[in-house]
Amino acid sequence: MRIASAAGGLLTALAFVAPAIVCPNAAAVPEWAYDALGDLAAAGYVKLPDGLRQLDRPQFAHLVAVALTNLNDGRRLPDSSLSPLLPEQQPAPTIGGSEASSPKAKPEATATAGTPGLAPVAATTATVKPAAAPETAVSKPVETKEPKPAEKVTTAPEEKKPAAGIAETTAKPVSAPRPDAAKPAAPAPVVSSSSPAAGPSAPADSLAALRQEIARGEAQEKELAAQTAELRTRYQQALQELRRLTANLRQSEGPATDGAERQSALRQAKEHQTALVEELAGALSRAEKALNEERRHLDLSRMELARREEAGDRAEKTAVSEAATAAAPTETAPLTLYAADVPEVGPLVETPVKAATSSKDERLQKQAARLRAEFAKELEAEGFFDDEAAKKQAEATMPPRAVQTPRFKLDGAARFDAGQHNGPQSIGSRSRLRLRLYPDYNIDNNWHFLGMVELEKILHGKRGDKDGNPVLDRYYLEGFTGITLWDIGAFGSTMAEGNIYDSKFIGIRARVGDPVEYTFEAGETHPSHRAYNFKASYRTADRQLFEGGFYYFSPVYGGNSRHIYMLNYRRPIGVLDFGAMYLRGDGRGPADNGNGYILSLSWGKEDSWRPGAQMAYLKYYHQPASTYVEHTMNGMADYMHGFRGWGLGYSYTLAKDWMLNIEVDRLQDLMTHDYNNTVWGSITWFFKTYKD
């Protein structure tokens, strides 16, 4: 048995190891890919880690994604060891070789570093040697030694060698023999500061043209900055409006039939506002990119102007110094040079970088395309193509649409509803017409004055106090202070998805936080003299919802106070949305203490602007009287001493802005055990006085 167990264990181990032995390179990185990525790394588009060949395909593909992104953006890593490709990254030519900046080099045998396009200064110094071309070896530096009397070569100040232009101004060194050399030296010509090519100063018209270019760049930068600031302001305002709409929609979420028209209007406004925010974000990204590019070019131009002006100052100082030297007594000891292996160097001319790197760039592009095709699957899994598409969309040249947000907006909903209510606590049958208007006055693109005017006409059944009389039921200010959204006045409050309270609230409300949102309300309601509540809500990336809250009402309809605790959880299950809510009520009086809960399943959304949109929900309630104050349903919960039972709802968008709603409730009173049944339906027409 032990042998059989050992054999079984060995076979099990081989079962795990065998795939790696049989197919060791099933997803190996091809050999050519290392060379291609190495070329991109040499060009500065990615930095390769140690142990490159130990990486698997996804890890290698990540490096490919970095290289492709930098290549497409024209962005190189800041590494001095990498060979430059861009003109602004070319190193400045040095004078006297790279040793000119070394501490070992003698200061009297070197000159200051030059810049492409300008000639170096050569006066009262050792022989000047410009840097070699990028592909030419650099010669040895000139050495200065103590001369011997018989081998001195004296410079001739009166000899001059004028040059034709600035780019061609270079002193031509003449080799002097070492002390042990046999051949005599020829005299070395000297470039005087009085020569037209003596200094790097550019002509006055060149400096004037550069200053004009800088002035034009500053004007362009100012214009782009103003445009960017305007776009940023519009974007911030649109984003703030989107946050406001999102917070209001969250507050009214849930299958509350009575508030369906408000939810639909908020959803529609949020959809349009989201599209506007995305459009403005793309336009702002393009504007900021153009502004940064203009500032970059302007900074380079300013640096070039400062460099040229500094070079001109140095040339002027050199000319003054040479004039003083020429006026000095002639018995001054002449400067003697000993040079060896110094080749004659032609005029210093700036190398055209584009022509030199065009073939290399073309080869890098081909290698990048090949890597892109080879690792397409891994790049797609990493989200590279999504980021690339988003960037292209952000860099689109289409300007943002000119949206003029009206100062005053008016939404409205006209509804016909009819219901049949049966049971001891029912109100019988009733039909009515109801008109609601939602004005919105934008005060300063932050604070809004909002309201709701309601007109109700009972056609059949029990009449109420509002019958035939227009009522200003909502009137409040809404706006941000910092990141907190405030409502001040008489506004609608939907507590615990309407399972505790759904009606008018007079006071203040503050909402802040994302992804955890905190809500606080304090004031009074129609059933209670004082009321306040606190709620924390957290929504995860996979659309799960966690909520907890505390609600206080005192007194309720002239009776005793109520304390209600709430826990809520929602999550999507396929195409359905599952919800479970727990309520703990402390009635402190005739309303018995008790535990309540609501289980729900919902499907779809109420979208009044999308023909054919559907929404349905199924709920089971168990709520003692102490767990609610004014329920959101059209059933008879508010007339009962606590209840339990089923609720079913369905909505269908018949045409754009026309919606059909149906609700069925079968509820049992927890005290009398009587049933109250409701069948209710409505047709609603939505309208507004503005265009999105």
Side-chain angles (χ1 to χ4, degrees), residues 236-254 256 258-270 273 405 407-413 436-454 471-537 539 547 549-553 564 566 629-630 632:
Q236 293 294 339
Q237 291 174 354
L239 186 62
Q240 198 165 6
E241 180 68 12
L242 179 61
R243 290 171 55 197
R244 186 180 72 86
L245 292 171
T246 302
N248 287 336
L249 184 59
R250 284 182 181 177
Q251 183 68 22
S252 63
E253 275 183 343
D258 189 57
E261 61 269 16
R262 189 58 177 159
Q263 293 179 24
S264 183
L266 287 172
R267 286 195 183 98
Q268 185 176 9
K270 182 185 175 182
Q273 194 68 22
T405 303
R407 179 69 66 178
F408 177 78
K409 298 192 298 184
L410 182 67
D411 290 272
R436 282 184 171 178
L437 301 175
Y438 300 93
D440 180 350
Y441 181 73
N442 185 353
I443 299 174
D444 59 357
N445 289 323
N446 177 25
W447 288 97
H448 293 245
F449 180 77
L450 303 168
M452 186 189 78
V453 179
E454 182 178 79
V471 178
L472 180 61
D473 202 56
R474 311 278 196 272
Y475 43 91
Y476 61 101
L477 288 172
E478 182 174 83
F480 283 92
T481 57
I483 60 174
T484 305
L485 180 63
W486 293 89
D487 295 304
I488 306 171
F491 48 85
S493 179
T494 305
M495 304 179 190
E497 298 180 356
N499 294 314
I500 294 178
Y501 183 80
D502 183 9
S503 190
K504 181 178 179 179
F505 192 98
I506 304 175
I508 61 170
R509 174 168 61 203
R511 286 170 284 177
V512 64
D514 188 26
V516 181
E517 183 182 72
Y518 302 95
T519 303
F520 174 76
E521 293 178 337
E524 63 180 52
T525 65
H526 172 66
S528 63
H529 178 63
R530 293 187 304 273
Y532 60 85
N533 62 78
F534 173 81
K535 182 186 73 171
S537 176
R539 191 179 299 273
E547 286 185 323
F550 171 76
Y551 304 85
Y552 172 78
F553 300 87
I564 304 174
M566 180 272 292
V629 174
E630 192 164 323
T632 190

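All of these numbers come straight from a predicted model, not from anything done at the bench.
Between the CZ atom in Phe505 and the CG atom in Asn533 there is a gap of 6.0 Å [rounded to 0.5 Å]. Note that the CE atom of Met452 and the OH atom of Tyr476 stand 9.5 Å from one another [nearest 0.5 Å]. Residue Leu450 holds its CG atom at 7.5 Å from CG of Asn248, rounded to the nearest 0.5 Å. A distance of 6.0 Å separates CD of Glu454 from CG of Asp473, quoted to the nearest 0.5 Å.
Listed for the Arg509 side chain is a donor-acceptor partner under 3.5 Å among the backbone atoms of Gly492. In this structure, Arg511 contributes its side chain and Thr484 its backbone to no donor-acceptor pair below 3.5 Å. Here the side chain of Gln237 pairs no donor or acceptor atom with the backbone of Asn446 at under 3.5 angstrom. Put simply, the side chain of Arg407 gets close to the backbone of Asn442: a donor and an acceptor are under 3.5 Å apart.
Between Lys504 and Glu630 there is no salt bridge, since none of the side-chain N atoms of the basic residue sits less than 4.0 Å from a carboxylate O of the acidic one.
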Between Tyr532 and Tyr552, is a ring pair (Phe, Tyr, Trp, His ring centres under 6.0 Å) present by the stated rule, with each step listed?
-> CA-CA 5 Å; Tyr532 60 85; Tyr552 172 78; 4.9 Å; yes
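Side-chain atoms of Met566 and Met495, non-hydrogen and from C-beta on, never get closer than 4.5 Å to each other.
Around CG of Leu472, the count of heavy atoms belonging to other residues, nucleotides or ligands within 6.0 Å exceeds 12.
Ring geometry for Phe408 against Tyr441 counts as tilted: the plane angle lies between 30° and 60°, on a 0 to 90° scale.
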